[in-house]
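What follows is a short report on a single structure.
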Number of protein chains: 2
Amino acid sequence: MSRSKAYKSDVKAALHETATDLYEAGLIDKKTMRGFDESCLTPVAPLTPREIRALREREHVSQTVFANYLNVTPNLISKWERGEKKPSGPAAKLLSLVEKHGLTAVA
Amino acid sequence: MSRSKAYKSDVKAALHETATDLYEAGLIDKKTMRGFDESCLTPVAPLTPREIRALREREHVSQTVFANYLNVTPNLISKWERGEKKPSGPAAKLLSLVEKHGLTAVA
DNA sequence: TGATTCTATGGTACTAAGTACTAGATTGCA
DNA sequence: TGCAATCTAGTACTTAGTACCATAGAATCA
């Protein structure tokens, strides 16, 4: 089940590596690289407080453990889940990584 | 080359999944889970401005493309590399992920 | 030659994320 | 009974991150 889940990102990884190889061979330029890379990116969707909590509970971890994975304080996880604060750009990216690939993707 | 690099994290991923399975089977409690998870985490080291730039150039991407991967603005990448701002907790975590697993790990 | 685009720097100003501290209520375990 | 973990809650502070702006070098193409 995790195999089909990882399929898309695997394709993207292969695309990026192919593009990187072509770049290093001098066959494509940076401008092309940019096009490749941006089309490879998975969009990060802003998560609601309850989505964040559901995500954490899906992984069977406490707020403290979850905080350790994301390199933030446990207090901030609580604030996210109660809607007192909203994840910043990098934080939202981390959350979407966990959502799509599981906690082990950010271990 | 990338195989030996991924070895440690693969072991950790396996450990986490084993612990998760044991938890779902009711054989270990959350307290034990916590011990498992925290020992699985790779510590994030604060990166210097020039380390951040070296990391980006290692991946052959512009500041703009790099920013898209990390879900921040290109201006912030510039500030990181010039030492005007320092990456926050979640941002540092993302950078260490790129450092250890490459850009495709955050695609 | 000029025109255009990408790249990166530099600055200013503002919003709010993230941190650190505290305390309280709850649960479960010894 | 006490001890520890979990989560909530609040306060106050620092600064990361954003949104603008203008500038300049390098590369590409007419």
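Chain letters run A, B, ... following the sequence lines, proteins first, then strands; residues in each count from 1. What you are looking at is a predicted structure, and each value in this text was computed from that prediction instead of being measured.
B:L97 is not listed as a side-chain neighbour of B:V44, based on a closest heavy-atom distance of 4.5 Å or more.
Looking at heavy-atom distances under 4.0 Å, B:K79 makes contact with a base. Within the nucleic acid shown, A:S88 comes within 4.0 Å of sugar-phosphate atoms alone, with no base atom in reach, counting heavy atoms only. As judged by a 4.0 angstrom heavy-atom cut-off over every strand, B:P90 is placed among residues touching the sugar-phosphate backbone only.
Between atom CG of residue B:L94 and atom CG of residue A:L94 there is a gap of 4.0 Å, rounded to the nearest 0.5 Å.
Put simply, CD1 on B:I77 is 13 Å from C1' on D:dA16, counting in whole angstrom units. Taking atom CG on B:L76 and atom P on C:dT9, their separation rounds to 13 Å, with Å as the unit. Atom-to-atom, NZ of B:K85 to P of C:dG10 comes out at 15 Å; the value is rounded to the nearest Å. Rounded to an integer number of Å, the gap from B:W80 CH2 to C:dT9 C1' is 17 Å. Atoms NZ (B:K93) and P (C:dT19) sit 13 Å apart, rounded to a whole Å. Distance CZ (A:R82) to P (D:dT6): 17 Å, rounded to an integer number of Å. Straight-line distance from the CD atom of A:E57 to the P atom of D:dT6: 14 Å, rounded to whole Å. Per the geometry, CG belonging to A:N68 stands 15 Å off C1' belonging to C:dT19, to the nearest Å.
Contact between the side-chain N/O atoms of A:R53 and the OP1/OP2 oxygens of D:dT8 is found at a separation under 4.0 Å. Put simply, B:Q63 has no side-chain N or O that comes within less than 4.0 Å of OP1 or OP2 on C:dC6. Applying the 4.0 Å criterion to OP1 and OP2 of C:dG18, one finds that A:T73 has every side-chain N and O outside that range. For D:dT8, one of the phosphate oxygens OP1 or OP2 lies less than 4.0 angstrom from a side-chain nitrogen or oxygen of A:S78.
Taking a cutoff of 4.0 Å between a charged side-chain nitrogen and a carboxylate oxygen, B:R58 and B:E99 do not qualify as a salt bridge. Ion pairing of B:E81 with B:R50 is absent here, as no side-chain N (NZ or NE/NH1/NH2) approaches a carboxylate O to less than 4.0 Å.
Comparing A:G89 and A:E84 against DNA chain D, the residue whose closest nucleotide sits nearer the 5' end is A:E84.
A donor N or O paired with an acceptor N or O is found under 3.5 Å between the base of D:dG10 and the side-chain atoms of A:N75.
A:N71 places no side-chain N or O within donor-acceptor distance of the main-chain N or O of B:P90, the cut-off being under 3.5 Å.
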